[in-house]
Amino acid sequence: MLLRTISVLLLHLSSLYLRLGAASVAPCSCSSVIVPVHVNVLVPKDPTDVFGGLKSNETSQRRVNATYDIYGVFCQPKAGNEDVLQLLAHGGSYTSQYWSPPIEEFQNYSYTAFSCERGLPSLAVDLLGAGLSSRPANASDVQFPTSAAALSQLAQHLKTASILPGVRPFQKIIGIGHSLGSALFNFGAIVDGVQSPFDAIVLTSILVFGPNDPPPGSGTSAVLIAARDADPLRWRTLDPAYVTINDRTAFYPPDPTEYSPRMLLFDGFTKDVISLSMAVQAASSSIPAANYTGAVAKVVGAKDQVLCAADRCVDVEALTAAEQVVWPAAKSFEILVLQGSGHDLDLDFRAGAAFETIFGLVTKFSK
Ligand SMILES: *[C@@H]1O[C@H](CO)[C@@H](O)[C@H](O)[C@H]1NC(C)=O
Ligand SMILES: *[C@@H]1O[C@H](CO)[C@@H](O)[C@H](O)[C@H]1NC(C)=O
Ligand SMILES: *[C@@H]1O[C@H](CO)[C@@H](O)[C@H](O)[C@H]1NC(C)=O
Ligand SMILES: *[C@@H]1O[C@H](CO)[C@@H](O)[C@H](O)[C@H]1NC(C)=O
Ligand SMILES: *[C@@H]1O[C@H](CO)[C@@H](O)[C@H](O)[C@H]1NC(C)=O
């Protein structure tokens, strides 16, 4: 199945390219890749099942058995670690651009550039249904089991086959998620257990959601609307169960002097879609990842309006105690709360500190 990795010459205006174009010795190079992955999973017949089928019996499930193209941007240092890959998964209604906003003005908001310059390769993917990856016509095919399996299959593939000619398969893969991307790595850890291809996971901007908690973002201005109503020119033909978020201010700190208003504008222009299932199945994170044995770290912003309301992130020790119960077999578990950061850790004025933190965890887990 998964067997071909095609490098495509898409017009990828990466900040890295813009910057490196001027430099005499490029420390990094980036390429767009498309990797077909085969997914064969059971999904709940009810796409609003908050557990994503983890508590369902066979009669309430159906099979999704399909091959999807996963698009990503692979960045590789000219010299550095060739054995460890960071697999970056963006949040809901974003794309891989979250990890490297592709305009010069925002060139130092690039985690891919930050980590590549320090010697670590990354692959920032578009989740199934988003950006340039396959978007199944029927949004109810894009559920947690499907999307999480696509990430696991991709990682498994990259441990046995080379992503580009001349690049060896990777020995270790560290999953780094943002928000929904983190929830998907979490789901994969529950399902894959000891078989997980992820040696460690760094879950940014996610906390456990109980089945009775309101879904992430509710009570804020981050309201889900059908994508075809939000932008008919772009998305008129989409299944109405593909949704997006128009007002993105809740993803930034409450004080507007803590981020660039132009970043918020850019964020709005480049927003993407998620399926409705993606918006509700984060409650699956309340189920223990009983058999996942890699290291796990969570990173959240103290000013995250989506997660840290009601002083939830003030007492880090209590938060850690409450969250580590769902990781009984993990090699290690820690939570880091970043003072001043909002939900989109990478997009506000504290991004540099967030990059240091994430990179520090990856360095520790790479050993
Ligand atoms: C399967 O789950 C459905 C929905 O929760 C329930 O109505 C049904 O009784 C269950 N069937 C079996 C055989 O447990
Ligand atoms: C999944 O699809 C493949 C072909 O695409 C087929 O060979 C296989 O039998 C299918 N598996 C199931 C369980 O349906
Ligand atoms: C999507 O697939 C499900 C399950 O096969 C089906 O019940 C539903 O009618 C489909 N929706 C659309 C819009 O085709
Ligand atoms: C964990 O592994 C045990 C032993 O193999 C198995 O019985 C159990 O079902 C697994 N748990 C999960 C959540 O997969
Ligand atoms: C971007 O560069 C400016 C000016 O050099 C600096 O003040 C800021 O901290 C940098 N931001 C990040 C995210 O590194």
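Just follow the structure's listing: the first ligand is 1, and inside any ligand the first atom is 1.
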Any non-hydrogen protein atom below 4.0 Å of atom 7 (O) of ligand 2?
-> no
Would you say Arg262 has more than 12 foreign heavy atoms packed within less than 6.0 Å of its CZ?
-> no
Name of the residue among Phe144, Tyr292, Phe198 meeting ring-ring contact (aromatic ring centres under 6.0 Å, His included) with Phe185 = Phe198
Could any protein non-hydrogen atom be found less than 4.0 Å from atom 1 (C) of ligand 2?
-> yes
One finds that the ligand 4 atoms under 4.0 Å from a non-hydrogen atom of Asn291 are 1 (C), 2 (O), 3 (C), 8 (C), 10 (C), 11 (N), 12 (C), 14 (O)
Could an N or O of ligand 2 be found under 3.5 Å from any N or O of Asn65, whether backbone or side chain?
-> yes
Do Val43 and Ser277 come close enough that some side-chain heavy atom pair is under 4.5 Å?
-> no
Looking at atom 14 (O) of ligand 2, is any protein heavy atom nearer than 4.0 Å to it?
-> yes
Would a 4.0 Å cut-off, counted as strictly less than, catch a protein heavy atom around atom 4 (C) of ligand 4?
-> no
Give the minimum heavy-atom separation between Phe365 and Ile201, together with the two atoms involved.
-> CE1-O, 4.5 Å
What are the atoms of ligand 2, with element, lying closer than 4.0 Å to any heavy atom of Asn40?
-> 11 (N), 13 (C)
Closest protein heavy atom (residue, atom, distance) for atom 9 (O) of ligand 1 = Asn57 ND2, 4.8 Å
Mind checking whether His343 and His178 have parallel, tilted or perpendicular rings, split at 30° and 60°?
-> tilted
Under-4.0 Å heavy-atom contact between protein and atom 11 (N) of ligand 2 = yes
Is it true that the NZ or CZ of Arg118 lies under 6.0 Å from the centre of Phe114's six-membered ring and within 45 degrees of the ring axis?
-> yes
Any side-chain heavy-atom pair of Ser285 and Ile206 under 4.5 Å = no
Answer with side chain, backbone, both or neither: which part of Thr67 has a heavy atom less than 4.0 angstrom from an atom of ligand 2?
-> neither
Would you tell me whether Cys308 and Cys313 have their SG atoms within less than 2.5 Å of each other?
-> yes
Provide the number and element of each atom of ligand 1 under 4.0 Å from a heavy atom of Thr59.
-> 1 (C), 11 (N)
